[in-house]
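Some notes on the structure that comes next.
Reminder, nothing fancy here: chain letters follow the sequence lines and each chain counts from 1. As the structure is a prediction and not an experimental result, all values here were calculated from the model.
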2 protein chains.
Amino acid sequence: MNITEAKQKFIEQWGILATQWGINRTMAQVHALLLISDKNMSTDDIMAALSISRGNANMNVRELMNWNLVRKVIAPGDRKEYFTAEKDMWKVAMNIMEQRKKRELDPMVKLLDELSKVEGDKRNPEIKSFADSMNNIKKFSEQADKIMGVMIKAEENWFWGSFLKIFK
Amino acid sequence: MNITEAKQKFIEQWGILATQWGINRTMAQVHALLLISDKNMSTDDIMAALSISRGNANMNVRELMNWNLVRKVIAPGDRKEYFTAEKDMWKVAMNIMEQRKKRELDPMVKLLDELSKVEGDKRNPEIKSFADSMNNIKKFSEQADKIMGVMIKAEENWFWGSFLKIFK
DNA sequence: CTGAATTTTCAATAATTATTGAAAATTCAG
DNA sequence: CTGAATTTTCAATAATTATTGAAAATTCAG
């Protein structure tokens with residue numbers, strides 16, 4: 001397999017994997033493309049590399065910037081904007097976690113909070129059981145939230161190292 | 001808010017959250033329904049509760065069984081099959097992790113393995129850079145894989161407890 | 001300022017994914 | 001075995017999501 005084939009295969013597979021995680025396939029492909037590219041790329045470069053439209057390229061690049069996975073780079077003396085991806089996979093994973101935590105876990109904890117205050121007599125088994133379920137899920141969510149928070153803050157490698165040491 | 005409203009709201013929101021994770025909304029709703037249900041439910045019960053067709057109910061219940069999130073229960077003297085969900089959220093999370101690890105992380109590590117053996121002269125910067133990227137991502141994936149493996153095996157509460165203690 | 005280069009928006013459309021429901025297959029009480 | 005009850009399949013269709021590409025908006029060199 002030569003380098004061009006390998007790159008194509010990686011981009012393709014990264015896209016497929018992404019769809020299983022609820023991420024737009026093209027967005028993942030743009031990400032993959034920038035991940036394995038030495039050079040910063042313009043919207044036109046991305047359009048050409050992935051055979052997608054300008055609107056599509058623009059939209060997905062901006063979405064990747066929202067996730068802090070891609071940065072805009074301006075080349076002096078050039079009107080075009082160029083893009084580059086965060087290459088450190090630990091940071092990539094942490095950024096994704098951080099965004100998902102903010103967008104999904106936080107609202108869920110809020111909802112569970114409300115729902116655990118359901119009206120009605122706690123001696124009614126149905127109500128008791130439901131309130132228990134909510135508390136149960138809430139506790140779990142809060143723990144997950146806490147752990148993600150700690151991991152996100154701990155960006156140093158020593159953390160990753162010690163984490164691995166403990167759990168082999 | 002009364003108990004019926006609360007249950008409906010929970011099912012609805014759980015479904016919305018799930019779509020962001022690449023999970024079929026109806027599947028998540030069936031899961032939520034069984035999670036907060038005291039009683040075991042038949043396909044007909046699920047159809048009625050969520051206003052979905054028989055085929056849809058059947059398909060999603062079976063998919064949830066593949067994920068080890070739902071079990072079939074047979075009631076003596078009854079032809080119908082009933083279903084019940086795993087209620088322990090720790091186990092729920094571990095089952096989901098285990099399945100995703102098997103279905104997604106494992107194939108990814110395999111792909112990266114192949115791609116890091118890309119042909120060509122390593123003194124060519126493009127090839128060198130690509131091989132480095134692959135190794136980088138592979139190392140990260142293997143670490144993630146290892147950690148998930150350890151977490152899945154450690155089903156006891158002491159683990160969860162000590163995990164929290166270490167990282168506050 | 002001007003206007004060409006570039007980016008962004010968004011309605012129309014294409015592609016993908018989920019759902020229905022009837023037919024086929026299976027199960028099991030009698 | 002039989003046949004009614006139940007589960008499963010799957011082609012047709014509905015619903016959702018992604019993409020296009022041209023028009024509008026923005027940017028900035030001169």
Distance-only, no hydrogens or angles: does the B/Asp45 side chain make a donor-acceptor pair with backbone N or O of B/Ser42 under 3.5 Å?
-> yes
To the nearest Å, give me how far apart CG (A/Asn60) and P (D/dT19) are.
-> 7 Å
Return the value, rounded to whole Å, for the distance between atom CE of B/Met47 and atom P of C/dG21.
-> 9 Å
Interatomic distance, B/Ile46 CD1 vs C/dT20 P [rounded to whole Å] | 14 Å
Could you tell me the separation between the CD atom of A/Gln20 and the P atom of C/dT16, rounded to a whole number of Å?
-> 16 Å
Is B/Lys87 atom NZ crowded by more than 12 heavy atoms from other residues, nucleotides or ligands, each under 6.0 Å away?
-> yes
Rounded distance (Å) that lies between atom C1' of D/dA18 and atom CD1 of A/Ile16 = 16 Å
Presence of salt bridge, A/Arg123 and A/Asp121, under 4.0 angstrom | yes
Using Watson-Crick and G-U wobble pairs whose two distances are both under 3.5 Å, how do you write the pairing of DNA chain D as dot-bracket, with | for links to another strand?
-> ||||||||||||||||||||||||||||||
Take the protein atom CG of B/Asn24 and the nucleotide atom P of D/dT16, then report the distance between them rounded to whole Å.
-> 12 Å
Sub-3.5 Å donor-acceptor pair from the side chain of A/Asn95 to the main-chain atoms of A/Asn68, do we have one?
-> yes
Is the number of heavy atoms from other residues, nucleotides or ligands under 6.0 Å of B/Arg100 CZ greater than 12?
-> yes
Treat each ILVMFWY residue as a node, draw an edge where side-chain heavy atoms are under 4.5 Å apart, and state whether A/Ile16 and B/Leu111 are in one component.
-> no
Count the heavy atoms belonging to other residues, nucleotides or ligands that lie under 6.0 Å from NZ of A/Lys101, then report whether that count exceeds 12.
-> yes
Does a side chain donor of either A/Asn58 or A/Arg62 reach within less than 3.5 Å of an acceptor in the other side chain?
-> yes
Spacing between A/Gln29 atom CD and D/dT19 atom C1', to the nearest angstrom = 13 Å
Can you give one letter per nucleotide of nucleotides 4-11 of chain C, going 5' to 3': B for a protein heavy atom under 4.0 Å from the base, S for sugar-phosphate only, - for none?
-> BBSBBB--
